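Report on the structure given below.
Numbers restart at 1 for each chain; the letters A, B, ... are given by sequence-line order, proteins then strands. Every value quoted in this text rests on a predicted model; they were computed, and no experiment measured them. Atoms considered below: every heavy atom in the structure, side chains included; atoms not considered: hydrogens, waters and symmetry mates.
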There are 2 protein chains.
Amino acid sequence: MTDVQLYDTTLRDGMQGGGMSLSAAEKVRVVKALDRLGIGFVEAGFPSSNPKEAELFRLLTEVELERTLVCAFGMTRRRGLAAEDDPALRDLVSCAAPVVTLVGKTWALHLDKVTRTSPEENLAMIVDSVNFARAEGKRVVYDAEHFFDAWRDDRGYALECLRAAVAAGAENVTLCDTNGSTLPTQVAEATAAVVAELGERAEVGIHTHNDAECGVANSLAAVEAGARMVQGTINGYGERCGNANLVSILPALQLKLGYDCVPADRLRLLTETAHFVDELTNTVPDPDQPYVGRNAFAHKGGMHVAGVQADARTFEHLDPKLVGNSRDVLISELSGRGSVLSRAQGAGIDLDADAAKRAVERIKEREHRGYHYEAADASFELLLRREAGEYQSLFRLESFRVITEKRADGHVETEATIKIWVEGRRYVRTAEGNGPVNALDRALRDAIGELHPHLADIELVDYKVRILDSDQGTGAVTRVLLDSYDGHESWGSIGVSENIIEASWEALVDSLEYAFQPSRRPAAPPRDEPATKGPGPAAATRGAAGSVADRA
Amino acid sequence: MTDVQLYDTTLRDGMQGGGMSLSAAEKVRVVKALDRLGIGFVEAGFPSSNPKEAELFRLLTEVELERTLVCAFGMTRRRGLAAEDDPALRDLVSCAAPVVTLVGKTWALHLDKVTRTSPEENLAMIVDSVNFARAEGKRVVYDAEHFFDAWRDDRGYALECLRAAVAAGAENVTLCDTNGSTLPTQVAEATAAVVAELGERAEVGIHTHNDAECGVANSLAAVEAGARMVQGTINGYGERCGNANLVSILPALQLKLGYDCVPADRLRLLTETAHFVDELTNTVPDPDQPYVGRNAFAHKGGMHVAGVQADARTFEHLDPKLVGNSRDVLISELSGRGSVLSRAQGAGIDLDADAAKRAVERIKEREHRGYHYEAADASFELLLRREAGEYQSLFRLESFRVITEKRADGHVETEATIKIWVEGRRYVRTAEGNGPVNALDRALRDAIGELHPHLADIELVDYKVRILDSDQGTGAVTRVLLDSYDGHESWGSIGVSENIIEASWEALVDSLEYAFQPSRRPAAPPRDEPATKGPGPAAATRGAAGSVADRA
């Protein structure tokens, strides 16, 4: 039995976020992933809006879902039309989804200024539309748009709209904080009043946005006030500041407040599901994301690390395994043997006691010179591999040269020449680029691409440079951090040098070598068996949008 | 009068976040920005931890702050030592900050498992430490670490710790949700109980983290339960999932809940301040950030746009101007006519109406291409001077070439050649450097130094690079921010280009040209009268510490 239903609108409201778009086939993959996680309702889209949406609903009829009910979203009938004569409403009820979610107005200001509809006509629109969907055999959720603004202005009319929907057969009325204006205590007060009034006859739902950075808290406040369904999106995607983030709401409800939302064994799929949806939407996962981010359970401060080692409860709000995440101690202040050993173990590196001791010395020495492994997991792992004797070199550099010229006509040109050895053969390559790092990257990939074509799929997604004023009196150095992404996973590498070009080169080489270590990259073909697959999703995206690091 | 005090810990707890680091001079700039915004308390750091922090507290004594009180953070005395014999505590009370924030334990589990201290000894540590700080004339805030976990386990002992701090003279006890485990209703309940018990004798504060995505809501819940001070960080920086975000807490308290936190006219600096701190920490501003993100008031869905046009209230939770943001995605806070005119006036530039209009157009066009003038005051002023016809060119570039080579023996060399015209004469100069920017800088100063020797005193103190992924489909660009310092004043310049070398060159030229504009630089000799003074304090500093930008 489920105490609180989760209703996912990633595929409808989430797609209003900047840069979001998914094909029908990708949307089906999202629905399947949400079903596996145990989400009760998934809003797939507007069936009326375009043929792609119609195709999606058709595809969904062919998918066997264990737990999820598919919902179709649409508006109440148009003013002045009978419900059965409204083409959008007809499309909505004739699609295969068993649940129809109807959004309608509740706020007098909105009726007056935007839709220019009388309060009475609006009530009739609600009643007719719900009646029509029920008569067609649909289960109906009524989304009360702008509910909390309406409640502040005229709670009598707001309640009347809800009552009309329930009387016409809506099994759920969902209170929407459409423009994200409301704070938790206000949500709690209004929700409690609605539950007291209608809770016997219908389920009350909540739909919030993150404009006041309270999207999650508002959802929790509504549940504590009696709401029993929460609408939100994976990773909080959505217009403006996003929708309520189901990835944070689910563990709070289930682990912290004791409500049943998904089967107990499914919660461990949370991190994986959140990253999978990020991958499909080509979003770089937020490392600081609550519960599922790679920093969510990472510790830096010396005393905190000691605390976690003594008793994890002292510095962890829950066991990361419960949500499928893991404890990741940030490297910086962790030149301790224990943490190095646990990192090596996590990466499947066989580090004996002597090697661990050498690794610790190496880390300390490098941190002293300005390295910082917190955001450079790939470089850190390569360092451990080197000490463990498990490191495989991708190539050997003979020399490189980069030239940037600005000509009298203002035109700027950059060209890099590299000379390297790969598996006993010497390669000399020259490439032009938008900048020195890009030119070096191109020349290098050109040279190694013949033997390792799969490395072409790696996209350099971020490039950051800092000048470090060393505390140790050794003078200033340049630190380059590079983030790479292969369509499945992202990783960070670092380079430190007096010279920005040399520091960039070091980070670039670490990024590619990390991807190349065979034990680490199960998806990549072994190095002596060149991949035959075409460009992956990352490469396709790169072509369309341009890699952000192309310009460095 | 302030109803609720804001206490910023960006410079202490915020710096625990991954990849965060700021120099002492940058921290001073943050303190000044927070003072301007009207934040009451700013925690600058641990005075005991290292000489850099000591330098920061010394620098802060030279800064005149209008409203902000500087706080120094440290722990209660060590077990078994008298407070006055604890070196860390002595450093803490002997620094110049008027407020000392002492963090101490409150949770039995933590005392038992981590610090292995008896509950009685812990109480004595609190009392002794607060007494000592009070005796040294400090105002004291007591941070009760793990307060909410303690409250769940043994509220009697948790309260006893607070009572001890208050009895010893702490004016504020702050309840810390150290590991971010707590949800808003739980925060509200515990806070209300503490306020009922101690509210007559001390102010109650709140310090939360975002592990459950409730950092902001937890802070608001505490205030609604009677807390009167909120600790947090700008943009929610901090370890794991971050600290409570003051940038969201401030407008919620002041605009939505009606508390007074900062003077009413300061709230408009919110967006600018949030972005300025992002710039300094080299953090890419989150476009979806509540209140201050460039998408926070942007609308995509067709019906929403129509709603905004009919009545903004229907789809905006507040007027973006109130927090210094705007509905127009691209226009930043600097591109209004009024702000351009007031900036020009401040710099003594005579900008007429037509020139102001052209400047606004130019700024918009450049912002569209990735320029960002918030941290580049020098480049902004040069832009205004150009439109006003008051710009004096320092030189004319014919061409440059930079070569970086890494030889087979691992040695890296960089050399730049520039050809420029200065006052009718052609100069060709070649210089070596630790990196391409340094080599260009040396060659350029060598060429212009003959006529303008005072420009040698300028030190390039920071150099930051960011890759910007443009929304406009124009592809990614590189943005370089350069901070310069002449021993009296520091200024920022910016360059944007596909090519990092070209972007760096642009920022470098702006930095020197800014210093060269005679009306701007009263300390510099006029351009036709070469300076005879020796190396200034900046040069002396450079010699001792090495310019941090020498290595770029």
Side-chain angles (χ1 to χ4, degrees), chain A residues 16 110 113-114 179-181 183-185 211-214 216-217 224 239-242 248 252 256 288 290 295-296 300-301 307 310-311 314-315 317 374-375 398-408 412 434-435 463 465 467 469 475-478 498-502 546 548-549 551-552, chain B residues 16 18-19 23 110 113-114 179-181 184-185 211-214 216-217 224 239-242 248 252 256 288 290 295-296 300-301 307 310-311 314-315 317 398-408 412 434-435 463 465 467 469 475-478 498-502 546 548-549 551-552:
Chain A
Q16 298 288 321
H110 195 235
K113 300 275 182 145
V114 184
N179 55 13
S181 60
L183 297 178
T185 45
D211 297 77
E213 209 177 324
C214 289
V216 168
E224 290 184 294
E239 197 178 27
R240 305 187 312 271
C241 311
S248 293
K256 290 176 184 282
D288 297 349
N295 295 340
K300 185 182 179 188
D311 189 315
T314 61
F315 281 96
H317 68 121
E374 274 154 33
E398 186 181 303
S399 66
F400 69 65
R401 182 181 64 235
V402 199
I403 303 175
T404 301
E405 280 189 280
K406 180 163 181 162
R407 296 191 318 228
V412 182
N434 294 312
Y463 172 80
V465 180
I467 309 300
D469 193 5
V477 292
T478 303
E498 280 187 350
N499 193 307
I500 190 173
I501 306 293
E502 167 66 2
V548 296
R551 312 301 166 131
Chain B
Q16 298 287 321
S23 68
H110 195 233
K113 300 275 182 146
V114 183
N179 56 13
S181 60
T185 45
D211 298 77
E213 209 177 325
C214 289
V216 168
E224 290 183 295
E239 198 178 27
R240 305 187 311 270
C241 312
S248 293
K256 290 177 183 281
D288 297 349
N295 295 340
K300 188 181 178 189
D311 189 315
T314 62
F315 282 96
H317 68 120
E398 186 181 303
S399 67
F400 69 66
R401 183 182 64 235
V402 199
I403 303 175
T404 301
E405 279 188 281
K406 179 164 181 161
R407 297 192 317 229
V412 181
N434 294 312
Y463 171 80
V465 180
I467 309 300
D469 195 4
V477 292
T478 303
E498 279 186 351
N499 193 307
I500 190 173
I501 305 293
E502 168 68 0
V548 296
R551 313 300 167 130

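For the salt bridge (charged side-chain N to carboxylate O under 4.0 Å, His left out) test, residues two or more places apart in sequence or in another chain that qualify with B:Glu398 are B:Arg426. B:Lys256 pairs by the salt bridge (charged side-chain N to carboxylate O under 4.0 Å, His left out) definition with nothing, not counting sequence neighbours.
Heavy atoms only, all atoms of each residue included: A:Ala212 and B:Ser248 are closest at O-CB, 4.5 Å. The two residues B:Ser399 and A:Ala408 make their nearest non-hydrogen contact at CB-N, 4.1 Å. When all heavy atoms of B:Asn179 and A:His317 are compared, the closest pair comes out as O-CB, 3.4 Å. Looking at every heavy atom in both residues, B:Pro184 comes nearest to A:Ala217 through CG-CB, 4.0 Å.
Not a single donor-acceptor pair under 3.5 Å links the side chain of A:Asn434 to the backbone N or O of B:Asn499.
With values rounded to the nearest 0.5 angstrom, B:Ile501 atom CD1 is found 5.0 Å from A:Ile501 atom CD1. Taking CG of B:Asp288 as the start and CZ of A:Arg240 as the end, the distance is 10.5 Å to the nearest 0.5 Å.
Between chain A and the residues B:Asp211, B:Thr185, B:Val216, the most heavy-atom pairs under 4.5 angstrom are made by B:Asp211. Comparing A:Cys241, A:Ser181, A:Gly180 by heavy-atom pairs within less than 4.5 Å of chain B, the highest count is held by A:Cys241.
The contact between A:Glu213 and chain B is made by backbone and side chain atoms together, counting heavy-atom distances below 4.5 Å. Contacts of B:Val402 with chain A are made by both backbone and side-chain atoms, with heavy-atom separations under 4.5 Å.
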